[in-house]
2 protein chains.
Amino acid sequence: MAWDTERTKRLLLDAATAEFSEHGLAGGRIDRIAAAAGVNKERIYQYFGKKDDLFAAVLGAQLRDSMDAVAMDGEGPEAAADYAGRLFDHHLLDGVIPRLVFWEGLERAELAVADQARAEYHHTKVERFRQMLPGLDHAGAGELLLTLVSLVNAWPVLSHLDTLMVGSPDRGEERVAARRAVLVRTIEVLARDAQERAAASA
Amino acid sequence: MAWDTERTKRLLLDAATAEFSEHGLAGGRIDRIAAAAGVNKERIYQYFGKKDDLFAAVLGAQLRDSMDAVAMDGEGPEAAADYAGRLFDHHLLDGVIPRLVFWEGLERAELAVADQARAEYHHTKVERFRQMLPGLDHAGAGELLLTLVSLVNAWPVLSHLDTLMVGSPDRGEERVAARRAVLVRTIEVLARDAQERAAASA
DNA sequence: AGCAATTCCAACTGATTGGTTGCAAAGGTT
DNA sequence: AACCTTTGCAACCAATCAGTTGGAATTGCT
């Protein structure tokens, strides 16, 4: 089974993704990652370097995947709202990205800001989002996209608040669908308002 | 200086608040807390029990404080938006609560859901919020308040995304004021929309 | 003064962790 | 077969950490 280094790397990256998503950077255990991947510990250091670098690799891969998987097309508030709904669905599949994003914000924010590739990634995303909402400038699109991303990512992480505030202990499909609808409506309303205000001040 | 046990407890709680806010539960160090408080380690176990219990005490105290400090009064979308703005200001003072809330969501969600006192706290808050927006039912108020809380708390934690997406590396006062305005406007628009929809379906 | 509770000091335990190293086995290449 | 790379195995190191314990000093109360 040797000689397939790509497979080894992928096994490690998958295991690391699950581990860091669950326990974060400080709480994530290298030994658990190696064991879950069925691969030996030293491979990690050989392929990814130190723990922190592995975390960065995990997050980078996830962001790349999500950018590919959730398309930004169409135009107008409904299209933006639809994008929010599809992003919500994609993040819900495993719930990995939202957790990773907040782990990063809490444990690694400074390093993320210094990452050139990340800056390009987000800048590109804002620009694409702006093209969906004619009339908005870059800053306006950024604000709304930040709101969108915050809401979509926060919900899986703050599921305990959802339970405590809206009160659905079971977290069944109905609750997911209900919150999804709220979110889609939220973005549609905000996008429309933003476009109207932009048009009015022009 | 002994004999003042309340002071000792408060010193420990303050130090623990800073420590857990910064590093979370897994990353927080008992030794650092004791050192920062200028108090000995064993006091922690004597007064608060294990690390996990201390974290719960920290968060409970912060939530109680914030409930007292940020009033929910007035009526209508503007009042709700004003509340969002004041909550934003209060959370920005130290940035402690947002981080604690997300640490909890990531590291302790199950325990929080099982906490009876927390359930009451949030239920009360939703009810008060509902009184600000006549026409909404409990679920509708809960959804909007969850949106509000998510946005207000996510921003300080996702400051790296703010920097990367809106692009204000310095994070000066202007940026804070700008985001605050977006947030206030967001809640006002959403509250108005929610009320209109509630009235229409009545 | 005598007593009880509070606190500090300092060492200790038992366990875990990130990261490293040396060596042998196994697969692929020439 | 000779050679190189990948991988597994297992032990190891130095550091760290949550939580405990015993004893001595300090303080307030009676």
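Values reported hereafter were calculated over all heavy atoms of this structure, with side chains retained and with hydrogens, waters and symmetry mates removed.
Screening I33(A), I97(A), V96(A) for a side chain to side chain contact (heavy atoms under 4.5 Å, CB included) with T17(A), the sole residue that qualifies is V96(A).
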(message) Does T163(A) form a side chain to side chain donor-acceptor pair (under 3.5 Å) with R175(A)? I'd like the steps, not just the answer.
(response) CA-CA 10 Å; T163(A) 302; R175(A) 177 63 198 133; over 6 Å; no
(request) In sequence, state the C-alpha distance, the side-chain angles, and the governing distance for D137(A) and R130(A), and then conclude on salt bridge (Lys or Arg N to Asp or Glu O under 4.0 Å). (result) CA-CA 7 Å; D137(A) 57 9; R130(A) 190 172 76 93; over 6 Å; no
(request) Decide yes or no on ring pair (Phe, Tyr, Trp, His ring centres under 6.0 Å) for W103(B) and F55(B), but give the supporting numbers first. (result) CA-CA 10 Å; W103(B) 283 124; F55(B) 187 93; 8.3 Å; no
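For the pair T8(A) and dT6(D), the criterion of a side-chain N or O lying under 4.0 Å from OP1 or OP2 is not met. Contact between the side-chain N/O atoms of N40(A) and the OP1/OP2 oxygens of dT7(D) is not found at any separation under 4.0 Å.
Side chains of Q131(A) and R128(A): a donor-acceptor N/O pair is absent below 3.5 angstrom, by distance only.
Contacts between residues 27-37 of chain B and DNA chain C, counted as heavy-atom distances below 4.0 Å, involve no residue at all. Within residues 41-58 of chain A, the residues having any heavy atom under 4.0 Å from DNA chain D are, by residue number, E42(A), R43(A), Y47(A).
Applying the salt bridge (Lys or Arg N to Asp or Glu O under 4.0 Å) test to pairs two or more places apart or on separate chains, those with a residue in residues 104-114 of chain B are D52(B)-R108(B), E104(B)-R118(B). Applying the side-chain hydrogen bond (donor to acceptor under 3.5 Å, both in side chains) test to pairs two or more places apart or on separate chains, those with a residue in residues 78-97 of chain A are E78(A)-R192(A), D82(A)-R86(A), D89(A)-R180(A), H91(A)-N153(A). Screening residues 14-30 of chain A for salt bridge (Lys or Arg N to Asp or Glu O under 4.0 Å) gives E19(A)-R32(A) as the qualifying pairs, with residues at least two apart or on separate chains.
Between F102(A) and F102(B), the ring-plane angle classifies as parallel under the 30° and 60° cut-offs.
Remark: the backbone N or O of I30(A) is not paired with any side-chain donor or acceptor of K51(A) at under 3.5 angstrom.
Across its full length, the helix from dA1(C)-dT30(D) to dT30(C)-dA1(D) shows an angle of 10° between the axes of its 5 terminal pairs at either end, rounded to 10 degrees.
Taking atom NE2 of residue H23(B) and atom C1' of nucleotide dA18(D), one finds them 17 Å apart after rounding to whole Å.
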